[in-house]
Each structure stands twice: as structure tokens, then as C-alpha cells.
2 protein chains.
Amino acid sequence: MISAEQGAFRALADPTRRQILMHLSTREMTIAQVCEKFEVTRGAIKKHLVILEEGNLISVRRAGRERINRLHPQGMKSAVDWLQYFSRFWDDKLTNLEIAINSENKSKESHND
Amino acid sequence: MISAEQGAFRALADPTRRQILMHLSTREMTIAQVCEKFEVTRGAIKKHLVILEEGNLISVRRAGRERINRLHPQGMKSAVDWLQYFSRFWDDKLTNLEIAINSENKSKESHND
DNA sequence: TTCATACGACACCAAATGGTATTATAACGG
DNA sequence: CCGTTATAATACCATTTGGTGTCGTATGAA
């Protein structure tokens, strides 16, 4: 089993996939609708969507013959949580905010990868 | 020229590189010292360090024959900034905090990749 | 000077990645 | 039923990636 953030970081590493996430942040879209936004083939987009799904960054539901892709932002939170460990090093103000959150939110994961 | 977050996300995609960042968060280390923490060869670690440097996640200085690697957390901030666009979708509380930050911090980048 | 040490630079390899093209399958509309 | 549409699945290709091994260079110590 791979860690949650591994799937997320892997999916986020490709610029096309990050653009797909931006598009899905405005509305949920079928594969064909995502394809309209890019110059690559449907096959390539499909592979990206599978990787985004494996990374838990999108969820998919079937509607008839359509496959509707929806942003699943909780998956991105795992990457943010990992990164925010370093926030103390770049922004004291953000660190204070992080502390405020942590005091209310006890369920913090470790960073042992 | 590739975007700042592309270099960061690419570097963050590998679990070994994320572990290297965790180690460097405790202290700066030479290549040999990083190697001690892993089972792979020095050549592999060197490549990882180059990618981390290209992603602006570490900085390097020469000291005699040693090459000292130091965490450069500002580079990670570019990835966090990109991701926090989505924070509104997963946590209203964090969104409020983000708004509080943005009201003091006007220099926000776009997400056009 | 000589030797061990810390890197740098290659060449090389297997596997993963991003992409295409082609061929199916399945559902909706008339 | 038939044609069209939306997607799935597969084979294939070029490049990148993560890794090793080897050789070279440079610095510090004896």
C-alpha cells in the first residue's frame, strides 16, 4: 500500500493534470468535456483522469454512458498537510494559523512516508 | 521556462526526495550524510539532490570538497500556494484563515500554469 | 608526495510515463 | 434495428525516471 500523499503528489506532478483539476474546480465534467480543453487525444486524457482518481483527487460517477469527473479536494489536503509541516520555515504567521487549526483538529498524520 | 510550481511538484513526486526534505528539515547535510539515511547509491542520491535543487526546494553551498545541502522551504511555498486555491473546497475554516492572510499579503500569483 | 575521501560525470539499464492509434463495447435517439 | 456517441481497452512508441557501476577530479590529512 502506498501512502495517501504519494498518490496525490504523483498525480500533481504533471501540468496537464493540474490544469484538469483547475477546470474541474469550476464544474464537474465528462471525459469529452475535459478533452475539449486540451489538444491531446482522449486516450491521453483518460489516462490522466485514471491517475487523478488513483490519487484521490477526483471522484467519478457513471451516468448512462457518460463518466462524470468531479473534483475531490480532500485528496489534495493530504499533500497540503505534508507540505505544511514546512510552513514554520517560511512564514511565522502561517505557523500561528496552523497551530490554531491543530489545537482544534487533533487528527494529524505523521510524516514518516 | 517552466513554472515555479512545476519544478516543485516534480521534485515532490518522489518519496525518497520527500524523505530527504524531512531529513534536511532537521539540519543541513552533505551528500554523504544524506546517503547514510538510505539504502541506495550515492549516484542515485546525487540525482535526487539535483532535482530538488532544480525545484528550488534546497540550496547548495560548497565548503572545501564537501557539498552542503540545505532546505530552501520558500520553494515549497509555490506548491502550497497552488494547492491552497482549492482550500475553499475542503475546509471553510482554513478558507477564513487564508482570507485573513490574503488581506495582508497582496502578492498572489495566478494559476495559469 | 601519497593516500584516502567527497564528489562529479558518464554510460548503461529496466521500468514508468505521456502519448498515439486502433479496436471494442455500450447506451441513447430516431 | 441502426447509426451515432461516449467511453473502455489494448498495443505500441519515444522519452523520462530511478537506479547502478565505473572512472575521473579535487581536497584534506599523514
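Reminder, nothing fancy here: chain letters follow the sequence lines and each chain counts from 1.
Within 4.0 Å of B:Arg62, counting heavy atoms only, lies no atom of the nucleic acid at all. B:Ala44 comes within 4.0 angstrom of a base, heavy atoms only. A:Gly64 comes within contact range of the sugar-phosphate backbone alone, with a heavy-atom separation under 4.0 Å but no base atom that close.
Spacing between atom CD of B:Glu39 and atom P of D:dT20 amounts to 10 Å, rounded to whole angstrom units. Atom pair A:Ile51:CD1 and D:dT17:P shows a separation of 14 Å (rounding to whole Å applied). Computed from coordinates, the B:Arg61 CZ to C:dC7 C1' distance equals 16 Å when rounded to whole Å. Taking atom NZ of residue B:Lys46 and atom P of nucleotide D:dT17, one finds them 16 Å apart after rounding to whole Å. Taking atom CD of B:Glu66 as the reference point, atom C1' of D:dA29 lies 14 Å away to the nearest angstrom. When the C1' atom of D:dG18 is taken as reference, atom CZ of B:Phe38 falls 14 Å away, rounded to whole Å. Between A:Gln6 atom CD and C:dA16 atom C1' there is a gap of 13 Å when expressed in whole angstrom units. When rounded to the nearest whole Å, the span between CG of A:Leu49 and C1' of D:dA9 equals 15 Å.
A:Arg10 has no side-chain polar atom (N or O) that falls below the 4.0 Å cut-off from OP1 or OP2 of C:dA16. For B:Thr41 and D:dG19, the shortest distance from a side-chain N or O to OP1 or OP2 is not below 4.0 Å. Between C:dC7 and B:Thr30, a contact under 4.0 Å exists linking OP1 or OP2 to a side-chain N or O.
No side-chain heavy atom of A:Val60 sits less than 4.5 Å from a side-chain heavy atom of A:Leu49.
Across the interface with DNA chain C, nearest-nucleotide mapping of A:Ala13 and B:Gln33 shows B:Gln33 to be the residue nearer the 5′ end. Nearest-nucleotide positions on DNA chain C for A:Arg17 and A:Arg65 put A:Arg17 closer to the 5' end.
A tilted orientation is assigned to the rings of A:Phe89 and A:Phe86, their planes being inclined by 30° to 60°.
Closest to the side chain of A:His48, from the set D:dT7, C:dG19, C:dA9, is C:dG19. With distances taken from any side-chain atom of A:Ile31 to the nucleotides D:dT20, D:dA8, C:dA6, the minimum falls on D:dA8. Residue A:Lys47 has its side chain nearest to C:dT20 when only C:dT20, D:dT20, C:dA6 are considered. The nucleotide whose nearest atom lies closest to any side-chain atom of A:Ala32 is, among D:dT7, D:dG19, C:dC7, D:dT7.
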Step by step, work out the side chain to side chain donor-acceptor pair (under 3.5 Å) result for A:Gln33 and A:Arg27.
CA-CA 11 Å; A:Gln33 288 171 330; A:Arg27 66 180 184 285; 5.3 Å; no
Chi angles and distances behind the salt bridge (Lys or Arg N to Asp or Glu O under 4.0 Å) call for A:Arg67, A:Glu53
CA-CA 12 Å; A:Arg67 178 192 152 107; A:Glu53 197 183 1; 3.2 Å; yes
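Interface remark: the A:Arg67 side chain does not form any donor-acceptor pair with the D:dT7 base, using a distance-only criterion of under 3.5 Å.
Using a 4.0 Å cut-off between a side-chain N of Lys or Arg and a carboxylate O of Asp or Glu, B:Glu5 and B:Lys77 do not qualify as a salt bridge.
Taking the six-membered ring for Trp, B:His48 and B:Phe38 have ring centres at least 6.0 Å apart.
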